[in-house]
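This report refers to the structure that appears directly beneath it.
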Amino acid sequence: MSVLERSELEASPLADLHAIADQLGVDGFRRLRKPELIDAILGEAGEESAPDGAGEESAPDGAEEQQDEEGDAGRTAARGSRRAGRLTRTRARARRVGVARRDVEEQADADAAAAPPRADAADRAADVEGVVEVLGNGSAFLRVSPPEPSDEDVYISAAQVRRCELVSGDRVTGPVRAPRRSERYPSLVRIDTINGASAEEVAERTPYEDLPAAYPSARLAFGSDDPTLAAIEWLTPLGLGSRAVISGGARSGKTATLRSMLAALSGRDEVDVTLVLAGVRPEEISEWQNGAVAPSAALSFAAPADAQGQAVERALDAAKRAAVRGADAVLLIDGLDGMHPPAARKTLAAARNLRDAGSLTIIATATRPFGGETTVIALDLALTSTGRQPILDLVASGTLRPELLVGEEGALAITKARATALDAAG
């Protein structure tokens, strides 16, 4: 049985197919078109000899009756030997296919790195910069004019993607070589920088999950005239690395509050803001797309929970890498209700203030808190429905360790304000 599926071969570049065909000994493979080459590879890897008895001379009429038991046993043994030989050859070919498929990209990278410089200036590798888009088969393209693809895009092998842990959205630079015969796109020789840092430096950094975390201590200020944002900033303060949920029932103003936060944070050089829409109304997608920051992904509530979770996870991975590299990333998610609860909690748990790096702040909308938040921003439907501002439910809202963000006097003022609100509610 072949170890490759036709779909895998169809998704592979022609250079990889040529390397596999060469390993299998396919005759004249360089003259074949891609569909014919795939057929030849599958045929060679899973080749089976003709049915038993094919190619044997037919015995004269009546000869079978004249053969004795010893002759029958001899032919049976011969057929068994031929079957064993075919099985051995097929298994050997399958092993070669697996080795070729696994090693071709690594070998291509090694050949490119070890190749001596060419004297011809036209063949020398030129530097290129672009944004990574990872494909489903593990390889990627470097989009030189993102987000749209173009003929100048550069192919990145799956081996390079794995080695440098690239994710969609990474900005990468490196030398590129011109496409060889039968290749459509130029290829990246090596990766020099990732998001402004050297590839070697990025590879040696400690993984995100292993970095020590601390409670947020640097305040995330909005500086907005919006009454609700002003109340949030002073009474339920957020910090860099906060894990926050804007909670409330339907029509309580969760999306409007998150949109006001985005407007206040957009354009600031000190934070890297990303927006993900998961499970929202189609009309809200249009409104968000006309805002200051375009969403990195936009899925309506018709999308399945797995698809919503994957969209959030892609943005989360990019934000984690930015935080590890020292940036203060802010991920806004509208919202978490359409995701599987374990996936939603895992997303929230990723927010943290890294002691030895940057920070990842997550602010998401949800019907109710999931637990583990450092800040809960509860909205009051009664205030929203009657048009009164601010719409913050101060009693149900709160921030852990607010003194780290607003000082001891500020934390005391928050406690007094909450006590007053509680007395008024009682």
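What you see is a predicted model; the values in this text were computed from it and never measured. Quick note: residue numbers are just sequence positions, from 1.
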Apply side-chain contact (heavy atoms from CB on, under 4.5 Å) to Leu188 and Val128, showing your working.
-> CA-CA 9 Å; Leu188 198 64; Val128 68; 3.9 Å; yes
Apply side-chain contact (heavy atoms from CB on, under 4.5 Å) to Val144 and Ser150, showing your working.
-> CA-CA 8 Å; Val144 296; Ser150 68; 3.7 Å; yes
side-chain contact (heavy atoms from CB on, under 4.5 Å) between Asp393 and Leu379, intermediate numbers included | CA-CA 5 Å; Asp393 182 349; Leu379 303 183; over 6 Å; no
Hey, mind stepping through Thr399 and Leu238 against side-chain contact (heavy atoms from CB on, under 4.5 Å) and telling me if it holds?
-> CA-CA 8 Å; Thr399 297; Leu238 293 163; 5.9 Å; no
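Rounding to the nearest 0.5 angstrom, the gap separating the CD1 atom in Ile391 from the CG atom in Leu381 is 9.5 Å. Remark: Lys34 NZ to Leu9 CG distance equals 9.0 Å, nearest 0.5 Å. How far OH of Tyr155 is from OG of Ser157: 6.0 Å, rounded to the nearest 0.5 Å. Taken from CD1 in Ile333 to CG in Leu258, the straight-line distance is 9.5 Å, to the nearest 0.5 Å. Taken to the nearest 0.5 Å, the CG atom of Leu265 stands 5.5 Å off from the CG atom of Leu220. Distance check, rounded to the nearest 0.5 Å: CG of Asp328 to CZ of Arg268 gives 12.0 Å.
With contacts defined as side-chain heavy-atom distances shorter than 4.5 Å, the pair Thr257/Ile232 qualifies. Ser139 places none of its side-chain heavy atoms less than 4.5 Å from the side chain of Val161. A 4.5 Å side-chain heavy-atom check between Val172 and Thr193 finds every atom pair outside the cut-off. A 4.5 Å side-chain heavy-atom check between Ser247 and Ile377 finds every atom pair outside the cut-off. Looking only at side-chain heavy atoms (C-beta outward), Asp380 and Ser252 stay at 4.5 Å or farther from each other. Side-chain contact check for Thr255 versus Val280: every heavy-atom pair is 4.5 Å or farther apart. In this structure, Val293 and Leu332 have side chains that are not in contact, with every pair of non-hydrogen atoms separated by 4.5 Å or more. Considering only heavy atoms from C-beta on, Arg251 stays 4.5 Å or farther from Thr384 through its side chain.
The side chain to side chain donor-acceptor pair (under 3.5 Å) search around Thr386 returns Arg388, not counting sequence neighbours. Applying the side chain to side chain contact (heavy atoms under 4.5 Å, CB included) rule to Glu129 yields the partners Arg171, Thr173; only residues at least two apart in sequence or on another chain are considered. Annotation: side chain to side chain donor-acceptor pair (under 3.5 Å) contacts of Glu287 (sequence neighbours excluded): Arg259. In terms of the side chain to side chain contact (heavy atoms under 4.5 Å, CB included) criterion, residue partners of Glu233 (sequence neighbours excluded) are, by chain and number, Arg219, Ala221, Phe222. Contacts of Asp226 classified as side chain to side chain donor-acceptor pair (under 3.5 Å), with partners at least two apart in sequence or in another chain: none.
Judged purely by atom type and a 3.5 angstrom limit, Arg243 uses its side chain to pair as donor or acceptor with the backbone of Ala351. Checking side-chain atoms of Gln308 against main-chain N and O of Leu299 turns up no donor-acceptor pair under 3.5 Å. Not one N or O on the side chain of Thr361 forms a donor-acceptor pair closer than 3.5 Å with the backbone of Val330. With hydrogens and angles disregarded, a donor-acceptor distance shorter than 3.5 Å links the side chain of Ser300 to the backbone of Ala302.
Side-chain atoms of Thr228 and Gln389 include a donor-acceptor pair closer than 3.5 Å.
A salt bridge links Glu209 with Lys320; the closest basic N to acidic carboxylate O contact falls under 4.0 Å. Using a 4.0 Å cut-off between charged nitrogen and carboxylate oxygen, Arg401 and Glu403 count as a salt-bridge pair. Under 4.0 Å is where a charged nitrogen must lie from a carboxylate oxygen, and between Arg177 and Glu183 at least one such pair does.
Contact detail for Thr274 and Ser296: the closest heavy-atom pair is CG2-OG, 3.7 Å. The heavy-atom pair separating Ala140 from Val132 by the smallest distance is CB-CG1, 4.1 Å. Residues Asp192 and Pro175 come closest through the heavy atom pair OD2-CD, 3.4 Å. In terms of heavy-atom proximity, Pro216 sits nearest to Leu404 at O-CB, 3.6 Å. Taking all atoms of both residues into account, the shortest heavy-atom contact from Val312 to Ala278 is CG2-CB, 4.1 Å. Across all their heavy atoms, Thr236 and Gly398 have their closest contact at CG2-N, 3.6 Å.
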For residues 365-373, dump all side-chain donor-acceptor pairs below 3.5 Å to protein atoms at least two apart in sequence or in another chain.
residue: Thr365; atom: OG1; partner: Asp334; partner atom: OD1; Å: 2.7
residue: Thr367; atom: OG1; partner: Asp337; partner atom: OD2; Å: 2.6
residue: Glu373; atom: OE1; partner: Gly371; partner atom: N; Å: 3.0
residue: Glu373; atom: OE2; partner: Phe370; partner atom: N; Å: 2.6
residue: Glu373; atom: OE2; partner: Gly371; partner atom: N; Å: 3.3

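Around the OH atom of Tyr208, the shell of radius 6.0 Å holds more than 12 heavy atoms that belong to other residues, nucleotides or ligands. Heavy-atom contacts from other residues, nucleotides or ligands closer than 6.0 Å to CG of Asp225 number 12 or fewer.
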